**Student:** 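Questions regarding the structure given below will be posed in turn.
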Amino acid sequence: MSDQIKVSELKVNPDNPRTISESQLETLANSIRRDPEFMTLRPIVTDADGMILGGNQRYRAITERLNLSEIPKSWVVKAADLTEEQRRRFILVDNTPEGLGGDWDLEALSDGWGLDELEDLGFDGADFGDIKKDGGDKQCEVKIENGE
């Protein structure tokens, strides 16, 4: 028995309310490439028929950027027992709407991370003020410019 699943068995949710830019998609693909074990910790969630409830962007990164035709079964969880209403809510809650996910502690980010690492992890839309490339400046002001 194979421990792989064909990505063709998964179906993109046509009503997915989230979008992703090309650069964000590339950052996500790089993240999966760098840390594939994280997919087991934050898997693609499908309904009983294989329609993706959570992880549409991860699926796109896997198929469009990594060009994988099979992935480990551990990267996919079926939420077959959810009601239709629960599936609808999951689609939103999985994407952490504003107010449900908390806020970044920007001081903790500036104290514990270097600018290169933050940018590599996808924080390219933020202004990190005086964080040095090597993470050496621990006393800096960090703010998000895009209103978040």
Side-chain angles (χ1 to χ4, degrees), residues 1-129 131 135 140-148:
M1 186 169 160
S2 174
D3 61 342
Q4 299 282 307
I5 184 171
K6 293 181 186 217
V7 294
S8 61
E9 295 178 29
L10 307 176
K11 302 171 193 143
V12 173
N13 185 343
D15 298 321
N16 180 36
R18 297 283 288 186
T19 61
I20 191 169
S21 71
E22 291 299 316
S23 65
Q24 291 168 323
L25 187 62
E26 189 63 33
T27 298
L28 180 55
N30 289 337
S31 174
I32 295 168
R33 189 179 293 115
R34 181 184 57 244
D35 298 304
E37 57 278 347
F38 290 179
M39 285 296 298
T40 301
L41 301 172
R42 183 92 192 269
I44 294 171
V45 179
T46 70
D47 67 9
D49 297 321
M51 186 180 72
I52 299 170
L53 303 176
N56 283 279
Q57 309 311 338
R58 291 186 295 279
Y59 173 85
R60 282 191 58 204
I62 287 165
T63 58
E64 295 176 24
R65 293 296 194 273
L66 303 177
N67 300 313
L68 299 176
S69 60
E70 292 187 337
I71 57 175
K73 285 183 179 177
S74 63
W75 290 14
V76 179
V77 172
K78 287 198 179 211
D81 295 333
L82 297 179
T83 66
E84 177 62 27
E85 184 58 30
Q86 287 173 320
R87 286 191 295 270
R88 290 183 70 242
R89 286 195 310 265
F90 181 84
I91 290 167
L92 293 180
V93 172
D94 178 63
N95 286 296
T96 320
E98 189 173 330
L100 291 181
D103 298 308
W104 288 108
D105 179 338
L106 299 178
E107 185 175 329
L109 278 177
S110 69
D111 285 347
W113 303 85
L115 183 58
D116 286 339
E117 188 169 20
L118 288 169
E119 288 176 347
D120 185 47
L121 293 172
F123 285 84
D124 54 357
D127 174 11
F128 290 105
I131 296 179
C140 65
E141 181 178 326
V142 180
K143 63 182 178 178
I144 304 288
E145 285 186 335
N146 61 4
E148 292 180 0

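Model, not experiment: these values are computed from the prediction. Position 1 is the first residue of the sequence; numbering continues from there.
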**Student:** Sequence neighbours left out, what passes side-chain hydrogen bond (donor to acceptor under 3.5 Å, both in side chains) with R88? Give chain and number order.
**Tutor:**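 Result, side-chain hydrogen bond (donor to acceptor under 3.5 Å, both in side chains) vs R88: E85.
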**Student:** In the structure I gave you, are the side-chain heavy atoms of D3 and P72 within less than 4.5 Å of one another anywhere?
**Tutor:**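 They are not in contact (no side-chain heavy atoms under 4.5 Å apart), so the answer is no.
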**Student:** If you measure from CG on L53 to CZ on R89, what distance do you get to the nearest 0.5 Å?
**Tutor:**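 Taking CG in L53 and CZ in R89, the distance rounds to 12.5 Å.
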**Student:** What heavy-atom pair brings T40 and W75 nearest, and what distance separates the two atoms?
**Tutor:**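 Taking every non-hydrogen atom into account, OG1-CD1, 3.7 Å.
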**Student:** Would a distance-only check, ignoring hydrogens and angles, find a side-chain to backbone donor-acceptor pair under 3.5 Å from T63 to Y59?
**Tutor:**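 Here the side-chain-to-backbone pair exists.
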**Student:** Going from CZ on R60 to CD1 on I62, what distance comes out if it is rounded to the nearest 0.5 angstrom?
**Tutor:**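 The CD1 atom of I62 is 12.5 Å from CZ of R60, to the nearest 0.5 Å.
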**Student:** So does T83 get a backbone contact from the side chain of Q86, meaning a donor-acceptor N/O pair under 3.5 Å?
**Tutor:**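 Checking the backbone N and O of T83 against the side chain of Q86, a donor-acceptor pair under 3.5 Å is found.
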**Student:** Is the closest side-chain heavy-atom distance between P36 and M39 below 4.5 Å?
**Tutor:**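 They are not in side-chain contact.
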**Student:** Step by step, would you call R42 with D94 a side-chain contact (heavy atoms from CB on, under 4.5 Å)?
**Tutor:** CA-CA 10 Å; R42 183 92 192 269; D94 178 63; 3.2 Å; yes
**Student:** How far apart are the C-alpha atoms of F90 and V45, what are their side-chain angles, what is the distance that settles it, and do they pass the side-chain contact (heavy atoms from CB on, under 4.5 Å) test?
**Tutor:** CA-CA 10 Å; F90 181 84; V45 179; 3.8 Å; yes
**Student:** Where is the tightest heavy-atom contact between A61 and L25, given as atom of each residue plus distance?
**Tutor:**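 Here A61 and L25 meet closest at N-CD1, 3.6 Å.
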**Student:** Could you go through D47 and L82, starting from their C-alpha distance and side-chain angles, then the distance that decides it, and tell me whether this counts as side-chain contact (heavy atoms from CB on, under 4.5 Å)?
**Tutor:** CA-CA 8 Å; D47 67 9; L82 297 179; over 6 Å; no
**Student:** Over all heavy atoms of both residues, which pair between R18 and Q57 is shortest? Give the atoms and the distance, please.
**Tutor:**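 Reported closest heavy-atom pair: O-NE2, 3.3 Å.
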**Student:** Measure the spacing between CD1 of I71 and CZ of R58 and express it to the nearest 0.5 Å.
**Tutor:**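 Rounded to the nearest 0.5 Å, the CD1-CZ separation comes to 10.5 Å.
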**Student:** Residues two or more places apart in sequence or in another chain: which of them pass side-chain hydrogen bond (donor to acceptor under 3.5 Å, both in side chains) with E37?
**Tutor:**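 So E37 forms no side-chain hydrogen bond (donor to acceptor under 3.5 Å, both in side chains) with any residue.
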**Student:** Kindly write out the residues that satisfy side-chain hydrogen bond (donor to acceptor under 3.5 Å, both in side chains) with N30, not counting sequence neighbours, or none if the list is empty.
**Tutor:**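 Expected list: R33.
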**Student:** Could you grab the distance from atom OG of S21 to atom CD of E26, nearest 0.5 Å is fine?
**Tutor:**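 It is 10.5 Å, given to the nearest 0.5 Å.
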**Student:** Looking at R65 and E22, does any basic side-chain N land under 4.0 Å from a carboxylate oxygen?
**Tutor:**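 Judged by the 4.0 Å cut-off on N to carboxylate O distance, R65 and E22 do form a salt bridge.
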**Student:** Please determine if D81 and R87 form a salt bridge, counting it only when a charged side-chain N lies under 4.0 Å from a carboxylate O.
**Tutor:**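 Looking at R87 together with D81, the answer is no, because their closest N to O distance does not fall below 4.0 Å.
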**Student:** Are the side chain of K78 and the backbone of D49 linked by a donor-acceptor contact shorter than 3.5 Å?
**Tutor:**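 A pair under 3.5 Å: no.
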**Student:** Does CG belonging to N67 count more than 12 external heavy atoms closer than 6.0 Å?
**Tutor:**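 More than 12 heavy atoms, drawn from other residues, nucleotides or ligands, come within 6.0 Å of this atom.
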**Student:** Could you tell me which non-hydrogen atom of L66 sits nearest to which non-hydrogen atom of A29, and how far apart they are?
**Tutor:**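 Nearest heavy atoms, L66 then A29: CD2-O, 3.8 Å.
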**Student:** Quick one: does K6's side chain have a donor or acceptor within less than 3.5 Å of a partner on S69's backbone?
**Tutor:**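 Here the side-chain-to-backbone pair does not exist.
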**Student:** For residues G55 and I44, report the shortest heavy-atom separation together with the two atoms involved.
**Tutor:**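 Answer, listing the atom of G55 first, then I44: O-CG1, 4.0 Å.
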**Student:** With rounding to the nearest 0.5 Å, note down the distance linking CD1 in I52 to CG in N16.
**Tutor:**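 Nearest 0.5 Å value for the CD1-CG distance: 8.5 Å.
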**Student:** I'd like to know whether T46 forms a side-chain contact (heavy atoms from CB on, under 4.5 Å) with V76, so could you lay out the CA-CA distance, the side-chain angles of the two residues, the decisive distance to 0.1 Å, and finally the verdict.
**Tutor:** CA-CA 7 Å; T46 70; V76 179; 4.0 Å; yes
**Student:** Calculate, to the nearest 0.5 Å, the distance between atoms CD and CD belonging to Q4 and E9 respectively.
**Tutor:**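 Result: 11.0 Å between the selected atoms.
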**Student:** Of the non-hydrogen atoms in N56 and N13, which two are nearest, and what is the gap between them?
**Tutor:**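 Reported closest heavy-atom pair: OD1-N, 3.0 Å.
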